[in-house]
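Working notes, structure below.
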Amino acid sequence: MRDERREKDRYQHASLWEQARDELLNLRRQPKVLLVIAIIVGGWLVLQLTTPAVVKLEELAVGDCIYVPTSSSGEVDAIRPIGSGIDVVAGLYRAGAERAPCDGSHGHEVAAVFLLEEPAGAPFPGVTALEQRQRPACEAAFEAFVGRPVAGSALQVTLAVPGEAAWNDGRRVGACLVNNADGSFLSGRAAGSRR
């Protein structure tokens with residue numbers, strides 16, 4: 001026959017389960033504390049549900065709409081609200097990008113993602129050499145993605161290749177990004193827009 005007495009009665013201290021139950025019963029008698037707890041938990045849930053997903057460059061796919069935080073992006077008086085191309089590339093390799101809705105405001109769209117041929121441990125060829133080698137492929141990806149060549153377009157291609165630090169870390173991936181040539185945010189899809 002099982003002893004139905006509480007552990008506290010048998011052993012002079014309550015079990016963890018009994019302690020937790022007693023604390024919950026005490027909380028029910030304090031509605032203000034419950035309200036504060038509910039606000040904190042609710043606020044945390046809202047933040048979790050509304051915080052954009054951050055993706056690393058290696059996780060991007062063609063057609064993704066992204067926002068890359070930079071030191072100047074979003075400033076009202078900034079010449080290029082989305083940030084300069086150099087800042088965007090540096091931010092993309094450093095911290096990744098936030099996924100953004102393609103039918104809403106976003107900075108860039110991914111026209112291509114590519115792997116560089118050099119193996120890990122190969123000497124850094126320099127940003128300029130990598131850009132020169134990848135530019136024709138990026139311009140072709142731009143044309144296929146947007147539906148018109150880069151020349152005369154209201155859009156431009158931003159070529160993301162690794163800098164020396166990323167290269168030395170073994171990162172051999174790059175991307176061709178499409179954005180407004182004037183540096184303003186895109187308000188709809190660039191893909192197929194023929195702009």
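In what follows, residues are counted from 1 in the order of the sequence shown.
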Q: Any pair with a residue in residues 115-126 that passes side-chain hydrogen bond (donor to acceptor under 3.5 Å, both in side chains), sequence neighbours left out, goes on the list, sorted by first then second residue, please.
A: E118-R133

Q.
Please list all pairs meeting side-chain hydrogen bond (donor to acceptor under 3.5 Å, both in side chains) that have one or both residues in residues 29-40, counting only residues at least two apart or in different chains.
A. N26-R29

So which heavy atom on [X] is nearest to which on [Y], and how close?
{"X": "L92", "Y": "A97", "answer": "CD1-CB, 3.8 Å"}
{"X": "A112", "Y": "A141", "answer": "CB-CB, 3.7 Å"}
{"X": "E143", "Y": "P149", "answer": "CG-N, 3.8 Å"}
{"X": "C65", "Y": "R189", "answer": "SG-NH1, 4.0 Å"}
{"X": "A100", "Y": "S105", "answer": "CB-O, 4.1 Å"}
{"X": "L177", "Y": "I66", "answer": "CD2-CD1, 4.1 Å"}

Are [Y] and [X] connected into the same hydrophobic cluster when the rule is that any two of I, L, V, M, F, W, Y join if their side-chain heavy atoms are below 4.5 Å apart?
{"X": "V88", "Y": "V157", "answer": "no"}
{"X": "L57", "Y": "V161", "answer": "no"}
{"X": "V146", "Y": "V150", "answer": "yes"}
{"X": "L45", "Y": "L35", "answer": "no"}

Q.
Q156 vs N179, test: side chain to side chain contact (heavy atoms under 4.5 Å, CB included). Steps then yes/no.
A. CA-CA 6 Å; Q156 72 179 23; N179 56 275; 3.2 Å; yes

Q. Restricting to pairs with a member in residues 17-43, which pass ring pair (Phe, Tyr, Trp, His ring centres under 6.0 Å), not counting sequence neighbours?
A. none

Q | Sequence neighbours excluded - ring pair (Phe, Tyr, Trp, His ring centres under 6.0 Å) pairs with any residue from residues 84-114 | A | none

Q) Measuring from Y67:OH to L186:CG, what's the distance to the nearest 0.5 Å? A) 13.5 Å

Q | Qualifying disulfide (SG to SG under 2.5 Å) pairs with a residue from residues 156-195, counting only residues at least two apart or across chains | A | C138-C176

Q: Please list all pairs passing the salt bridge (charged side-chain N to carboxylate O under 4.0 Å, His left out) test where one or both residues lie in residues 154-175, with sequence neighbours left out.
A: E58-R171

Q) For residues 147-157, which residue pairs qualify under salt bridge (charged side-chain N to carboxylate O under 4.0 Å, His left out), counting only residues two or more places apart or in two chains? A) none

Q) Would you say the side chain of S84 lies within less than 4.5 Å of the side chain of T70, judging by non-hydrogen atoms? A) no

Q: Would you indicate whether the side-chain heavy atoms of L155 and S193 approach each other to under 4.5 Å?
A: yes

Can you list everything that forms a side-chain contact (heavy atoms from CB on, under 4.5 Å) with [X]? Sequence neighbours excluded, please.
{"X": "R194", "result": "none"}
{"X": "E59", "result": "V55, K56"}
{"X": "V36", "result": "I40"}
{"X": "V113", "result": "L60, V110, V173"}

Backbone N or O of [Y] within a donor-acceptor pair of the [X] side chain at under 3.5 Å?
{"X": "W167", "Y": "A122", "value": "yes"}
{"X": "S153", "Y": "R195", "value": "yes"}
{"X": "Q134", "Y": "L159", "value": "no"}

(Q) Does I82 form a side chain to side chain contact (heavy atoms under 4.5 Å, CB included) with F185? I'd like the steps, not just the answer. (A) CA-CA 6 Å; I82 63 170; F185 287 98; 3.5 Å; yes

Q: Mind checking salt bridge (charged side-chain N to carboxylate O under 4.0 Å, His left out) for R135 and listing every partner two or more places apart, or none if nothing turns up?
A: none

